[in-house]
S.K.: 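Here it is: the structure, laid out below.
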Amino acid sequence: MTFITLPFSSGNRPPLYIRPGAIEFLLQEEKGTLLNELHGRRYLESRQIESLSSAIQGDEPLVEVPFLKSSMRVCGYIRLSAIELITAVGGATRVHTSSDRDYMAAESPSELVARFPDGTFDCVRCDDGQVFYFRRDRLLGVSPLEYSSTYVYTFDSRERVYSDQFEPNWMMGMTAVQTEGGRAFFRADRIRGFRVDRDGNIELHGAVKLAGLSAEAVLGGCPIARPVSFAQCAAGQGGAEYRYDWVLDRDAIDAIVPRNPGLNLDTRVGTPFLGLDTVDPIDKLIAQLDLTSFVRLARSSDGRGPDVPSDYNSRHPWAYYRPESILAMEAGVYGTAIATRTCSHIVDETPEEVLGSCVESRGR
């Protein structure tokens, strides 16, 4: 998928380079069209919504839906493939997407669901009576909640819904395993990694909990052919109490970016489902990877903040991205802001130079 360029309505900023499929939401504004990309950043584009929607339609259709803005009903479009959940919240309708974004629709959940073909959504009722309409193909796993009859439904965005309702046909095509709390189910062909906490509990994609299952059992049932391992901690939080051990399929890593060791964060690891901060040096990660499918881009101290030691800049001046993972680029004062699904950083090259590097990478 190639990039398109979109001019900003203000006219004072350089154009945005973006892949059409990275735009999941459009909303009509007085001065143009507000669009959201998968990383969550928002842009105001000068064209009207109908013209822009036709230009970015692609293979994944955009669906016209009335949304709420400042309590007013306005025209909007959302990419059908992005929708995971629809539910009522405080007099409005929450539409949750696989990029972990929420949009408020002006119709009731049942009215909104009726806009789509029959069978697009299933319905689950929670213990408190709240009803969720969900896309079954966005359901990543179902696991039992410890010491209860409740099941945890986990979606691609890592959003969770808790319910006593259990429908076996929802689990069709999933792998079943026995955990400490009972039978759990997950889509093995979509699992690209898992983490293990200090107690040995496994969470697929950091979300679907499989208590009592071994890492060997997960590796035997999921397509993680070339595992890469590293230690993760919460941002700015060193120390074992915050650490997880991660195992990722090598091909699931789409960005490796040097960060700030002064905050106990050496490296940012990007994947399609989660951005991870690791306390492991970037050299340890690079040694486990084949970088021939990555582009190498420069990262100066201006792009990393004021607290990065100068010797770290000189030792680790490069960030690595898979070309297909780069969804949007925008030139700025200190370089080019690059966005993937789960990471956003500044590199020294111009957008045109980044595009040239991506072309060269495809030719290798």
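The basis for the numbers below is simple: all heavy atoms, side chains too, and nothing from hydrogens, waters or symmetry mates. Numbering of residues begins at 1 and proceeds along the displayed sequence.
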S.K.: With side-chain contact (heavy atoms from CB on, under 4.5 Å) as the test, would you mind laying out the steps for Leu80 and Leu62 before giving the verdict?
M.R.: CA-CA 6 Å; Leu80 174 59; Leu62 289 158; over 6 Å; no

S.K.: Do any N or O atoms from the side chain of Thr336 and from the backbone of Glu349 form a donor-acceptor pair under 3.5 angstrom?
M.R.: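 Yes, Thr336 side chain to Glu349 backbone: donor-acceptor pair under 3.5 Å.
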
S.K.: Can you say whether the rings of Phe25 and Phe67 are parallel (under 30°), tilted (30 to 60°) or perpendicular (over 60°)?
M.R.: perpendicular

S.K.: Thr93 side chain to Glu107 main-chain N or O, any donor-acceptor pair under 3.5 Å?
M.R.: yes

S.K.: How are the rings of Phe294 and Tyr320 set to each other: parallel, tilted or perpendicular (split at 30° and 60°)?
M.R.: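 Perpendicular: the ring planes of Phe294 and Tyr320 meet at over 60°.
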
S.K.: Holding to side chain to side chain donor-acceptor pair (under 3.5 Å), I want the full list of residues that pass it with Tyr17, two or more places apart in sequence or in another chain.
M.R.: Glu352

S.K.: Under 3.5 Å, side-chain donor or acceptor atoms of residues 216-229 against the rest of the protein: list the pairs with distances, not counting sequence neighbours.
M.R.:
residue : atom : partner : partner atom : Å
Arg226  : NH2  : Asp251  : OD2          : 2.4

S.K.: Are Val95 and Met104 close enough that some pair of their side-chain heavy atoms sits under 4.5 Å apart?
M.R.: no

S.K.: Which residue pairs satisfy the side-chain hydrogen bond (donor to acceptor under 3.5 Å, both in side chains) criterion with at least one member in residues 61-78, sequence neighbours excluded?
M.R.: Glu29-Lys69

S.K.: Below 4.5 Å, heavy atoms only, C-beta onward: do Cys126 and Val161 meet side chain to side chain?
M.R.: yes

S.K.: Please round to the nearest 0.5 Å and tell me the distance separating atom CG of Asp197 and atom CD1 of Ile202.
M.R.: 9.5 Å

S.K.: Taking the side chain as every heavy atom from C-beta outward, state whether Val74 and Leu27 have any pair of such atoms under 4.5 Å apart.
M.R.: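 A side-chain contact under 4.5 Å exists here.
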
S.K.: Report the distance from atom OG of Ser99 to atom CZ of Arg79, rounding to the nearest 0.5 Å.
M.R.: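 Answer for the OG-CZ pair, Ser99 versus Arg79, is 11.5 Å.
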
S.K.: Under the side chain to side chain donor-acceptor pair (under 3.5 Å) test, which residues partner Arg125, sequence neighbours left out?
M.R.: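 Here no residue qualifies.
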
S.K.: For the backbone of Gly141 and the side chain of Arg187, can you confirm whether one donor and one acceptor N or O come within less than 3.5 Å of each other?
M.R.: no

S.K.: Give a yes or no answer on whether the side chain of Ser325 reaches the backbone of Asp254 with a donor-acceptor pair at less than 3.5 Å.
M.R.: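 Checked: pair present.
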
S.K.: Find the distance between CG (Leu276) and CD1 (Ile253) and round it off to the nearest 0.5 Å.
M.R.: 9.0 Å

S.K.: Would you mind reporting whether Leu85 and Tyr133 have side-chain heavy atoms less than 4.5 Å apart?
M.R.: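 No, every pair of side-chain atoms sits at 4.5 Å or beyond.
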
S.K.: Evaluate the side-chain proximity of Asp127 to Thr150: yes if any heavy-atom separation is below 4.5 Å, no if none is.
M.R.: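 Yes. Closest side-chain heavy atoms under 4.5 Å.
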
S.K.: Could you go through Tyr151 and Asp164, starting from their C-alpha distance and side-chain angles, then the distance that decides it, and tell me whether this counts as side-chain contact (heavy atoms from CB on, under 4.5 Å)?
M.R.: CA-CA 6 Å; Tyr151 284 87; Asp164 286 347; over 6 Å; no

S.K.: Set out, in order, the CA-CA distance, both residues' side-chain angles and the distance that settles side-chain hydrogen bond (donor to acceptor under 3.5 Å, both in side chains) for Thr87 and Gln130, then state yes or no.
M.R.: CA-CA 8 Å; Thr87 190; Gln130 187 173 9; 3.0 Å; yes

S.K.: Output the distance between atom CZ (Arg190) and atom CZ (Phe273), rounded to the nearest 0.5 Å.
M.R.: 12.0 Å

S.K.: Do Glu84 side-chain atoms and Ser157 backbone N/O form a donor-acceptor pair below 3.5 Å?
M.R.: yes

S.K.: Taking C-beta and beyond as the side chain, do Leu139 and Asp156 meet within less than 4.5 Å on heavy atoms?
M.R.: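 Not in contact.
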
S.K.: Indicate, with yes or no, if the rings of Phe185 and Phe166 have centres closer together than 6.0 Å.
M.R.: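 Yes; Phe166 has its ring centre under 6.0 Å from that of Phe185.
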
S.K.: Would you please indicate if the ring centroids of Phe116 and Phe121 are separated by under 6.0 Å?
M.R.: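 Between Phe116 and Phe121, the centre distance is under 6.0 Å.
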
S.K.: Find out whether the Lys NZ or Arg CZ of Arg195 is both under 6.0 angstrom from the six-membered ring centre of Tyr244 and within 45° of the ring's axis.
M.R.: yes

S.K.: Is His205 reaching over with its side chain to a backbone N or O of Arg158, donor-acceptor style, under 3.5 angstrom?
M.R.: no

S.K.: Take Thr154 and Val142, measure what side-chain contact (heavy atoms from CB on, under 4.5 Å) needs, and give me the verdict at the end.
M.R.: CA-CA 6 Å; Thr154 305; Val142 180; over 6 Å; no

S.K.: Listing request: all salt bridge (Lys or Arg N to Asp or Glu O under 4.0 Å) pairs with a residue in residues 85-97, at least two apart in sequence or in separate chains.
M.R.: Arg94-Asp102, Arg94-Glu159

S.K.: For the atom pair CG (Leu16) and CZ (Phe3), what is the distance rounded to the nearest 0.5 Å?
M.R.: 9.5 Å

S.K.: Under a 3.5 Å distance rule, please check whether Ser357 uses its side chain to pair with a backbone N or O of Val295 as donor and acceptor.
M.R.: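 It does not hold such a pair.
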
S.K.: Indicate yes or no: at least one non-hydrogen side-chain atom of Val208 is less than 4.5 angstrom from one of Leu140.
M.R.: yes

S.K.: Rounded to the nearest 0.5 Å, how far does CZ of Arg322 lie from CG of Leu291?
M.R.: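 Leu291 CG to Arg322 CZ: 9.0 Å, rounded to 0.5 Å.
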
S.K.: What's the verdict on side-chain contact (heavy atoms from CB on, under 4.5 Å) for Asn36 and Arg101, showing C-alpha distance, side-chain angles and the deciding distance?
M.R.: CA-CA 9 Å; Asn36 278 31; Arg101 312 294 164 197; 5.5 Å; no

S.K.: Side chains of Ser53 and Glu50: any donor to acceptor distance under 3.5 Å?
M.R.: no

S.K.: Pairs of donor and acceptor atoms involving the side chains of residues 168-178, under 3.5 Å and at least two apart or interchain, shall be tabulated with distances.
M.R.:
none

S.K.: Should Val354 and Ile326 count as side-chain neighbours, where that means a heavy-atom distance under 4.5 Å?
M.R.: yes

S.K.: Please walk me through it: do Arg135 and Asp122 pass salt bridge (charged side-chain N to carboxylate O under 4.0 Å, His left out)?
M.R.: CA-CA 6 Å; Arg135 293 279 302 276; Asp122 289 289; over 6 Å; no

S.K.: Run the salt bridge (charged side-chain N to carboxylate O under 4.0 Å, His left out) check on Arg19 and Glu37 step by step: do they pass?
M.R.: CA-CA 9 Å; Arg19 297 185 191 270; Glu37 46 99 320; over 6 Å; no

